[in-house]
Amino acid sequence: IMADPGKIKTPPRTIQPNGFTPIVDSQPTKVEFDYSVHKSFYSQEQFELSEINRQALERLVELADEYEFDVYIANSPIFHELKVDPDFQSYFTNVQDLLINLDVRSPYIHYVLCETPSYQKEVMTNVDHLTLEGALSFTDTLAKNIASNQDCVTSR
């Protein structure tokens, strides 16, 4: 039986003025535990958007259209084993469909980074949070994708 890595003591986190909280050390054991928890959920469930999140996304589209500002929505980085899991792929297809539909509805909503970047546990702290090293790589990938001016709808 694996101990809950969430109970492992971690040092206090410092949020920088720009909102970034760098974490240098990976937590491979916690990533594996988190993966098992996620796997047990998505292998038995289908994606369902909560009502409050649906309302928030609707409002985001309304505001972007009204004030004509661009909104970029990207998939978060994920653990490689999660990404290649067939059950997760099935679950995540519904998430992608939702985001593509948002993109189609508004010229100001851009669903980018369609190919979800995946990482090994050595640069992660759980299945969807990266260490500083991983965050630098992800940020570079995201910035290049946005700069290419190609969203998930136009790249189909």
Side-chain angles (χ1 to χ4, degrees), residues 5-6 10 13-23 27 30-31 33-121 123-156:
T10 57
R13 296 188 178 151
T14 303
I15 300 174
Q16 296 177 344
N18 64 1
F20 182 60
T21 304
I23 299 174
Q27 297 183 28
K30 188 173 180 181
V31 173
F33 179 80
D34 196 28
Y35 173 56
S36 69
V37 170
H38 278 73
K39 185 173 180 60
S40 68
F41 172 79
Y42 66 72
S43 64
Q44 299 175 22
E45 300 289 332
Q46 287 190 338
F47 170 73
E48 187 175 326
L49 185 65
S50 70
E51 181 58 24
I52 191 72
N53 283 326
R54 186 194 63 72
Q55 291 172 8
L57 288 171
E58 290 296 325
R59 187 67 177 135
L60 185 65
V61 172
E62 288 171 13
L63 291 170
D65 287 345
E66 181 179 347
Y67 295 102
E68 300 180 351
F69 63 87
D70 291 311
V71 175
Y72 295 89
I73 301 173
N75 299 317
S76 68
I78 59 173
F79 178 43
H80 178 72
E81 298 301 318
L82 180 68
K83 180 179 178 177
V84 300
D85 184 287
D87 288 335
F88 176 77
Q89 290 173 358
S90 177
Y91 179 90
F92 193 63
T93 296
N94 294 322
V95 175
Q96 290 176 308
D97 289 346
L98 168 81
L99 296 175
I100 287 170
N101 287 334
L102 282 178
D103 188 320
V104 169
R105 285 180 46 201
S106 171
Y108 301 103
I109 303 293
H110 310 281
Y111 175 35
V112 298
L113 212 55
C114 314
E115 184 58 36
T116 305
S118 64
Y119 295 85
Q120 298 300 322
K121 61 187 172 186
V123 294
M124 302 197 80
T125 61
N126 64 25
V127 295
D128 58 0
H129 287 88
L130 297 165
T131 61
L132 177 59
E133 176 187 353
L136 293 172
S137 171
F138 175 74
T139 300
D140 183 60
T141 300
L142 178 59
K144 286 177 180 172
N145 188 265
I146 291 171
S148 75
N149 202 31
Q150 195 169 44
D151 59 26
C152 298
V153 174
T154 59
S155 64
R156 290 182 130 192

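Residues take their numbers from the sequence shown, with the count starting at 1. The figures here come from the full heavy-atom set of this structure, side chains too, leaving out hydrogens, waters and symmetry mates.
Contacts classified as side chain to side chain donor-acceptor pair (under 3.5 Å) and involving residues 86-96 (residues at least two apart or in different chains) are not found. Listed by first and then second residue, the salt bridge (Lys or Arg N to Asp or Glu O under 4.0 Å) pairs involving residues 69-79 amount to none (not counting sequence neighbours). Sorted by first and then second residue, the ring-ring contact (aromatic ring centres under 6.0 Å, His included) pairs with a member in residues 55-74 read Tyr72-His110; sequence neighbours excluded.
Within the model, atoms CD1 of Ile52 and CG of Leu57 stand 10.5 Å from one another, a figure rounded to the nearest 0.5 Å. Interatomic distance, CG of Leu102 versus SG of Cys152, reported as 11.5 Å (0.5 Å rounding). In this structure, OG1 on Thr125 lies 6.5 Å from NZ on Lys30, to the nearest 0.5 angstrom. For the atom pair CE of Met124 and OG of Ser118, the computed distance is 8.5 Å after rounding to the nearest 0.5 Å. Atoms CG and OG, on Leu142 and Ser76 in that order, are 11.0 Å from each other to the nearest 0.5 Å. Summarising the geometry, atom CD1 belonging to Ile73 is positioned 12.5 Å from atom CG belonging to Leu113; distances are rounded to the nearest 0.5 Å.
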Should Asn75 and Phe92 be marked as a side-chain contact (heavy atoms from CB on, under 4.5 Å) after you check the CA-CA gap, both sets of side-chain angles, and the distance that decides it? CA-CA 10 Å; Asn75 299 317; Phe92 193 63; 3.3 Å; yes

Go through it in stages, so that I can follow the logic: the residues are Val127 and Ile78, the test is side-chain contact (heavy atoms from CB on, under 4.5 Å), and I'd like the CA-CA distance, side-chain angles, deciding distance and then a yes or no. CA-CA 5 Å; Val127 295; Ile78 59 173; 5.9 Å; no

With side-chain contact (heavy atoms from CB on, under 4.5 Å) as the test, would you mind laying out the steps for Asp65 and Tyr108 before giving the verdict? CA-CA 7 Å; Asp65 287 345; Tyr108 301 103; 3.4 Å; yes

Would you check, one step at a time, whether the test side-chain contact (heavy atoms from CB on, under 4.5 Å) holds for Gln27 with His129? CA-CA 10 Å; Gln27 297 183 28; His129 287 88; over 6 Å; no

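The residue from Asp103, Asn53, Leu49 that alone fulfils the side chain to side chain contact (heavy atoms under 4.5 Å, CB included) condition with Leu98 is Leu49. Checking Leu63, Val61, Leu60 one by one against Val71, the side chain to side chain contact (heavy atoms under 4.5 Å, CB included) holds for a single residue, Leu60.
With sequence neighbours left out, the side-chain contact (heavy atoms from CB on, under 4.5 Å) criterion links Ser148 to Gln150. In this structure Asp128 satisfies the salt bridge (charged side-chain N to carboxylate O under 4.0 Å, His left out) test with no other residue, sequence neighbours excluded. Every residue meeting the ring-ring contact (aromatic ring centres under 6.0 Å, His included) condition with Tyr42, not counting sequence neighbours, appears here in chain and number order: Phe88. When the salt bridge (charged side-chain N to carboxylate O under 4.0 Å, His left out) test is applied to Glu45, no partner is found at least two apart in sequence or on another chain. Every salt bridge (charged side-chain N to carboxylate O under 4.0 Å, His left out) that Glu62 has, sequence neighbours left out, goes to Arg59. Asp140 is linked by a side chain to side chain donor-acceptor pair (under 3.5 Å) to Lys144, counting only residues two or more places apart in sequence or in another chain. In this structure, the side-chain contact (heavy atoms from CB on, under 4.5 Å) partners of Lys121, at least two apart in sequence or on a different chain, are Pro28, Val31, Glu32, Phe79. Residues that satisfy the side-chain contact (heavy atoms from CB on, under 4.5 Å) test with Glu48, not counting sequence neighbours, are absent from this structure.
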Please tabulate, for the side chains in residues 131-139, all donor-acceptor contacts under 3.5 angstrom to protein atoms that are two or more places apart in sequence or on a different chain.
{"residue": "Thr131", "atom": "OG1", "partner": "Val123", "partner atom": "O", "Å": "3.3"}
{"residue": "Thr131", "atom": "OG1", "partner": "Gly134", "partner atom": "N", "Å": "3.4"}
{"residue": "Thr139", "atom": "OG1", "partner": "Ala135", "partner atom": "O", "Å": "2.8"}

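Surrounding CD of Glu66 are more than 12 heavy atoms belonging to other residues, nucleotides or ligands, all under 6.0 Å away.
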